[in-house]
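Worksheet: one structure, shown below.
Everything numeric here is computed off the predicted structure, so don't read it as measured data. Along the sequence shown, residues are numbered consecutively beginning with 1.
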Amino acid sequence: MQNALLNLQHINQTFVRPEGRDLKVLDDVSLTLSEGEIVGLLGKSGSGKSTLLRIIAGLITPTGGEVTFNETEKNTSLGIAMVFQTFALFPWLTVLENVELGLEALGVPDKEMRKRALEAIDLIGLDGYESAYPRELSGGMKQRVGFARALVVNPAILLMDEPFSALDVLTAETLKTDFLELWVERKMHLKSVLLVTHNIEEAVLMSDRILVFASNPGRIAAEIKVDLQYPRDRQSLGFRTMVEQIYTLMTSGMQKRDAAAAAKPVEASAYDKLPRVSPNQLAGLMEQLSAAPYHGRADLPALDAALGLGTEEVLHLVEALRMLKFAEVAEGDIQLTADGKIFADADTQKRKQIFAEHLLRNVPLADYVYHVLQSRPGQHAPRVRFLTQLEDRMTEEDAEEALSAVTSWGRYAELFAYDDNTETYSLENPSA
C-alpha cells in the first residue's frame, strides 16, 4: 500500500442553528488518502462533502473525531492547497499577482516568488496572460488561475471542491483533460488529490477510488475502486459499466427511502425533503421516456447523456417521478408506470387531473396544505403558517425547498393558488 498522507478517524460535525437546535452534517466519517491517488467524494449537494474538505483544510474544527497527517506533512499550511467552485480571484490584481498571493503569505523572497509564480502560470497553460486582470479572462481561464494559485505553493495534497461545476461543458472537459495529463505525467509536486463532485462521470473519469456519500447526515455509503487506465475512454465498456454501477448504487437509496416512508406515520411524512423540480420538467421527461427509443424504459446513464443535464439534476427528476408514482427505478434503470404512460399521452387538462390525484395521494405535504385550506372558513392560509411548522422539523433551507416544490406542483395541478405579493395560499381559482 502507498504511503498514507492523511487519515480521518470518526469525523462528526454538528452546527448549532440560530434557534438553538443541532444540525448534524457529518456522521462518523473515516477515510485514508494515500500517495499517488485521486479520491473522489461523490454525492448530492448538501451531503457534507464541502464541509469535510474545510475540516481537512483546517478551516473548521470538527465536533468529533481526529484528522492526522503524515509526519512529513504536519505543517498543513505547506502541505495542503484548495481549489474552490467559485474562482475567488481578487479583481484588482493581475493573474501574476493573484498567483503570488499564497507565496507572499508564506514569506517567500520576491525573486523566488516571481519565478515560482511564472512557472505555475506556464504549467497550467496561462503563459502570456500574466498581466491580465480577471475581468479580461473567460471562466475557464479564471479557474486556471485558481489552479495555478493552489499549485504554486507545492502542496502535497490538493483539495478540489467541485472545481469544474461553474464552467460550461467544453471548457470543463478541456481543463479536466489538461489536469489529468499533468497528474499522469507527474509534472506537479502533488502527491494526492481529494475531489468533491456530484457528477458520476467526472468521478469515474478522474478518480482512483470513489467514496459515495449519503445525506442527512453526510456519511460514506460505499467505496468503489476504479481500475481503469488513464486516459479513460468514456465510451469504453469498462467506463460505462462503472457509471452504471454507481447509478444503481445511488438510486438504490430511493427504494430504501420508500420502505422507510411506508413505515412512518402520514403526519411525519409531511416533513420529508422534496426535490425542487418543475412540473414542466417532469412532463417533458415523461414524454421523452414514453417516446422512441425508450418506449417507457431507459438506462439512467444513457438518459443522462441524452438529456445533457448534470447527474444531480437527473437524479432529482427521477426521484420526483418515483415519489409521485409516475415511474419506478431499479438496477440503474427508470421505467414509467401505467399512470406515467397515460400522463405522457394525455392532453393538458387531463395531465393536470392525473397530476393532482398523484400529488394528493403520494406527497403528504401537498395533501396537508390542501386540507388545511379546505378546513379554514375563508379557505386562505399565510405561507408562514406552513413554513414555521416545517422549520420545527427541518432545516430552514430544506423547509424552503419543500414548500417551494409543493407550491409549484400544487399550482400546476390547480389544487390551490398562491399569491406571492401577500404570501398567501388559497383554494380560489386565480383566473375566475
Side-chain angles (χ1 to χ4, degrees), residues 1-18 20-85 155-162 190-198 200 203 206-226 245-246 249-250 252-253 256-257 260 273 312 393-395 397-398:
M1 182 179 174
Q2 293 286 340
N3 181 39
L5 298 178
L6 169 71
N7 285 286
L8 273 65
Q9 295 293 324
H10 307 294
I11 298 296
N12 291 280
Q13 183 63 53
T14 300
F15 296 110
V16 180
R17 290 166 47 79
R21 290 193 293 116
D22 286 346
L23 173 63
K24 193 162 192 177
V25 177
L26 294 172
D27 181 30
D28 196 26
V29 176
S30 297
L31 67 88
T32 298
L33 189 61
S34 299
E35 187 173 339
E37 68 173 351
I38 298 177
V39 173
L41 303 183
L42 176 65
K44 294 180 180 178
S45 298
S47 58
K49 308 182 303 297
S50 296
T51 298
L52 187 65
L53 284 199
R54 283 156 175 73
I55 289 173
I56 295 169
L59 302 175
I60 300 174
T61 301
T63 50
E66 185 180 21
V67 180
T68 57
F69 296 87
N70 181 289
E71 287 292 323
T72 61
E73 307 299 339
K74 279 189 174 178
N75 187 344
T76 58
S77 65
L78 289 174
I80 289 181
M82 193 164 180
V83 178
F84 299 92
Q85 178 178 351
I157 298 172
L158 182 64
L159 306 177
M160 300 202 295
D161 191 3
E162 299 189 21
L190 290 177
K191 295 181 180 178
S192 189
V193 178
L194 195 59
L195 167 69
V196 159
T197 180
H198 57 251
I200 294 176
M206 300 191 68
S207 307
D208 299 293
R209 280 192 295 137
I210 298 172
L211 304 178
V212 180
F213 258 54
S215 306
N216 301 316
R219 59 201 183 279
I220 296 174
E223 178 175 332
I224 299 169
K225 186 169 179 58
V226 185
Q245 176 188 350
I246 298 171
L249 179 66
M250 294 184 75
S252 67
K256 292 177 183 177
R257 287 193 293 276
K273 291 183 66 173
E312 186 167 33
R393 303 277 290 273
M394 308 167 75
T395 67
E397 183 180 356
D398 288 345

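Residues satisfying the salt bridge (charged side-chain N to carboxylate O under 4.0 Å, His left out) test with Arg219, not counting sequence neighbours, are none. A search for salt bridge (charged side-chain N to carboxylate O under 4.0 Å, His left out) contacts involving Glu162 returns nothing, not counting sequence neighbours.
The shortest distance between side-chain heavy atoms of Met250 and Ile200 falls below 4.5 Å. Two residues are said to be in side-chain contact when any heavy atoms from C-beta on lie closer than 4.5 Å; Met206 and Met160 meet this criterion. At least one side-chain heavy atom of Leu52 sits less than 4.5 Å from a side-chain heavy atom of Leu31. Contact check for Ile220 versus Phe213: side-chain heavy atoms found under the 4.5 Å cut-off. Taking the side chain as every heavy atom from C-beta outward, Glu35 and Ser192 never approach each other to under 4.5 Å. Looking at Ile55 and Leu8, their side chains never come closer than 4.5 Å, going by heavy atoms from C-beta outward.
Counting only residues at least two apart or in different chains, salt bridge (charged side-chain N to carboxylate O under 4.0 Å, His left out) contacts with residues 56-68 are absent.
Judged purely by atom type and a 3.5 angstrom limit, Thr63 uses its side chain to pair as donor or acceptor with the backbone of Thr14. For the pair Lys44 (side chain) and Ser215 (backbone), a donor-acceptor distance under 3.5 Å is absent. No donor-acceptor distance shorter than 3.5 angstrom exists from the side chain of Asn7 to the backbone of Thr32, with no hydrogens or angles considered.
Separating the CG atom in Leu195 from the CG atom in Leu41 is a distance of 7.5 Å, to the nearest 0.5 Å. The CG atom of Leu53 lies 9.0 Å from the NZ atom of Lys49; values are rounded to the nearest 0.5 Å. For the atom pair Leu211 CG and Leu42 CG, the distance stands at 9.5 Å (nearest 0.5 Å). For the atom pair Thr61 OG1 and Gln13 CD, the distance stands at 8.0 Å (nearest 0.5 Å). Taking CD1 of Ile210 as the reference point, atom CD1 of Ile246 lies at 3.5 Å (rounded to 0.5 Å). Leu5 CG to Lys191 NZ: the interatomic distance, rounded to the nearest 0.5 Å, is 6.5 Å.
The minimum heavy-atom distance linking Ile56 with Leu194 is given by the pair CD1-CD2, 3.4 Å. Between Asp28 and Asn12, the shortest heavy-atom distance links the atoms N-OD1, 3.0 Å. Between Asp161 and Ser50, the closest heavy-atom pair is OD1-OG, 2.8 Å. Nearest heavy atom pair, residue Leu26 against residue Lys24, reads O-CE, 3.5 Å. In plain terms, the two heavy atoms of Ile11 and Gly65 that are nearest each other are CD1-C, 3.8 Å. Taking every heavy atom of both residues into account, Leu33 and Arg209 meet most closely at CA-NH2, 4.3 Å.
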